[in-house]
Each structure stands twice: as structure tokens, then as C-alpha cells.
Enquirer: 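Just dropping this structure here.
Atoms within each ligand, like the ligands themselves, are counted from 1 in listed order.
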Amino acid sequence: MKTVPTLLIHGGAWAMPDDAVAAHEAGIANALAAGYSILEKDGSAVDAVEAAVAVMEDDETFDAGRGSFLTSDGRVQMDALLMNGENLRTGGVACVERLRNPIHAARLVLDRSPHVYFVGQGAEQFAEQRGMALCNNSDLVIPRELERLEKAQAAERAGHGDTTFSGPHASDHASHDTVGAVALDAHGNLAAGTSTGGTLNKAPGRVGDSSLIGCGCYADNRSAAVSLTGWGEPIMKLVLGKWAVDRVAAGASPDEAAHAAIAYLFDRLGGHGGIILLGPDGRIGLAHNTPRMAWGIRTPTGIELGVTRNGKT
Ligand code: ASP
């Protein structure tokens with residue numbers, strides 16, 4: 001029996017200002033179009049997720065690819081994970097600095113390596129040897145982010161640590177613009193992908209939740225597909241992606257599991273973020289405890305885009 005193809009995307013969860021909403025919605029609409037055109041042609045969930053995430057990496061609106069947040073020494077360092085729920089094949093890269101689309105490198109790891117995860121220069125070398133072009137790190141740095149880093153570091157010097165979220169004072173007002181997608185294809189297979197430049201002013205070499213299997217991303221046909229965004233350290237400590245899909249496997253609806261995960265994140269560690277979940281039956285879950293979250297969904301019946309406020313859809 002064929003399942004109903006579904007593509008669900010997020011483009012970050014934070015106190016997004018009004019003037020950033022249109023760009024987030026446009027970016028998500030473009031990503032939905034790219035990913036869904038694959039699902040419509042009977043393509044696989046993993047292809048759809050990879051295509052959708054790549055579109056958002058190419059869009060400077062988001063904290064992924066060019067336009068990512070900068071490390072404390074002014075560089076772009078990116079992490080991405082792609083997972084196929086049919087067979088649990090997974091590819092992850094972290095701390096890559098010279099790849100425009102880390103999600104494509106993650107796909108190469110998924111398809112063409114017995115390993116699951118590559119970091120830094122080894123990841124770049126792996127991708128280059130399999131045909132990906134390397135860029136200069138400066139090609140990924142944009143003026144908006146240089147300015148943002150300067151402000152964060154000035155605030156840090158002035159003792160207002162909560163404008164960065166590399167430290168213990170991360171707040172729900174910090175920007176979390178990571179991108180992610182979950183898909184269900186007509187053959188009943190799930191996939192998930194997440195890509196990020198991490199957190200603003202992070203220490204060089206820091207890896208967040210986004211690309212860690214079971215933390216910011218996970219997919220298994222027997223449970224659900226999930227992608228998260230938010231303050232990475234608490235999400236990692238709770239292995240929150242796996243926590244959420246396990247609840248779906250145990251009988252919770254994706255909606256219940258999504259809300260429970262965000263409640264757990266806050267209750268246990270005071271964490272902030274957002275989550276998207278998609279079950280093998282096409283039911284979805286969406287929750288966040290940040291002032292806003294950007295998301296979009298596409299099914300055969302149409303497209304819905306939203307920047308939800310205050311955790312209410
Ligand atoms: N979760 C990401 C990280 O901690 C940041 C984000 O979601 O924007 O690296």
C-alpha cells in the first residue's frame with residue numbers, strides 16, 4: 001500500500017523579529033518545493049530531505065551553509081546529519097569549514113562509507129575525494145554575521161553573556177536558525193536531516209546537537225523521523241531526538257511526543273528549542289518553547305507555511 005508523501009521542514013526557533021519572518025517563509029517554501037518535487041515523482045524520502053536542506057543551506061537567511069553564525073574567531077564551522085529510516089543508514093559531518101553544502105557531504109558518508117561520522121579536515125577530504133568542490137571559508141562569511149559576532153562579543157565583554165549561547169546563560173532570545181527536514185515517501189520510508197552553523201560565538205571545534213545521531217536528528221521507519229533546533233547542549237544531554245521517536249514507538253502520537261520532548265527539555269535542563277516529528281503513518285508533531293518557530297509542510301493536499309508564535313500553532 002502506498003503512503004501519502006509528506007515533507008515537514010523547520011527553519012529555526014527563536015525570538016525571530018517581524019522583519020525576518022518573510023525571508024524565513026520564502027526560504028521554507030523554496031525548500032518544500034525542491035524536496036516535494038522529488039516525493040511527487042515517487043522519489044525517496046532521503047533524496048527529498050537532502051534536496052530541501054540544501055536549498056536552505058544556500059539561503060543566507062538561515063544558520064546553515066553560507067551565512068552561518070561565526071565562531072569566536074570569526075570562522076564558519078558547520079555540522080550536518082542525514083539519516084534513512086528504512087535501513088538506518090546515516091551520514092554525519094561536523095566542524096567542516098570548506099563545504100558549501102554539508103548535507104551533500106553527509107549524503108556521501110551515508111551512501112559511500114562504512115563509517116557514520118566524519119569531522120573537520122577528514123570530512124572535507126572524504127567529500128573532495130568523492131567529487132565535492134572545496135571553497136574558502138571566507139566565501140561562507142557574510143557581513144551580517146560579522147556584525148552579529150561583533151555585537152555578541154561586545155555584550156560579552158560588558159557582562160551580558162545571554163546574547164551569545166555558547167555559555168550557561170543561553171536564553172530563549174538567542175537565535176537558533178538551524179534548518180531541518182523530515183519526509184515520508186510513497187513507499188512508507190522516513191528520512192531526516194539537519195544542518196547548522198551551530199551557535200553564535202561558539203568556541204572553535206564545538207559541536208552541537210544538530211548532527212549528532214539521536215540528538216538533533218533521527219529517523220527510523222519503526223518509530224518516527226525527527227529534527228530539532230535550539231540550544232544544543234541541553235538537547236544533547238537528553239539525547240532528545242531519540243527520546244521523542246521512542247515515545248512515538250511506544251504509542252504516543254507525534255504531536256504528544258513533540259510537546260512532551262520540549263516540556264522535558266525545559267523541565268529537566270531549562271533548555272529552549274523547537275522540534276518537528278513525522279510518523280510512518282504521516283501524522284506530524286510540532287512544538288517549541290521559543291517565541292517563534294519557522295516551519296512548513298507539504299502534502300498532496302497542499303502547502304502550509306507558518307512562523308508560529310509562543311509555541312502555539
Ligand atoms: N542546535 C544548534 C546548535 O546548538 C543551534 C540551532 O539550532 O540553531 O548547534
Enquirer: Would T196 count as a polar contact of ligand 1, with the cut-off being nitrogen or oxygen pairs under 3.5 Å?
Expert: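 Between T196 and ligand 1, no N or O pair is found under 3.5 Å apart.
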Enquirer: Can a donor-acceptor pair be found between the side chains of T290 and H288 at a distance below 3.5 Å?
Expert: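 T290 vs H288: donor-acceptor pair found between side chains.
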Enquirer: Hey, any chance L81 and V53 share a hydrophobic cluster, counting ILVMFWY side chains that come within less than 4.5 Å of each other, even indirectly?
Expert: no
Enquirer: Is it true that E256 and R283 make a salt bridge, defined as a side-chain N closer than 4.0 Å to a carboxylate O?
Expert: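 A salt bridge is absent here (no side-chain N lies under 4.0 Å from a carboxylate O).
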Enquirer: Among the heavy atoms of G12, does any lie under 4.0 Å from an atom of ligand 1?
Expert: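 The answer is no: ligand 1 sits nowhere under 4.0 Å from a heavy atom of G12.
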Enquirer: For a quick check under 3.5 Å, do D177 and S175 share a side-chain donor-acceptor pair by atom type?
Expert: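 The criterion, which ignores hydrogens and geometry beyond distance, is not satisfied for S175 and D177.
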Enquirer: Does the distance from a Lys or Arg side-chain N to an Asp or Glu carboxylate O, for D139 and R98, drop under 4.0 Å?
Expert: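 Between R98 and D139 there is no salt bridge, as every charged N stays at least 4.0 Å from the carboxylate O atoms.
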Enquirer: Which ligand 1 atoms are under 4.0 Å away from a heavy-atom of D209?
Expert: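 What qualifies from ligand 1 is 1 (N), 2 (C), 3 (C), 4 (O).
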Enquirer: Under 3.5 Å between some N or O of ligand 1 and some N or O of R206?
Expert: yes
Enquirer: Going by the atom numbers of ligand 1, which of them fall below 4.0 Å from some non-hydrogen atom of T229?
Expert: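 Within the 4.0 Å cut-off of T229, ligand 1 contributes 6 (C), 7 (O), 8 (O).
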Enquirer: Check each atom of ligand 1 against the heavy atoms of G230 and keep those under 4.0 Å away; list them by number with element.
Expert: 1 (N), 2 (C), 3 (C), 4 (O), 5 (C), 6 (C), 7 (O)
Enquirer: Mark up the atoms of ligand 1 that fall under 4.0 Å of a heavy atom belonging to D177, in ascending order.
Expert: 8 (O)
Enquirer: Honestly curious: do V109 and L134 fall in one hydrophobic cluster under the side-chain, below-4.5 Å linking rule?
Expert: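 Looking at the clustering, L134 is in the same group as V109.
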Enquirer: What do you reckon, does I235 have a nitrogen or oxygen under 3.5 Å from a nitrogen or oxygen of ligand 1?
Expert: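 Not met; the criterion fails.
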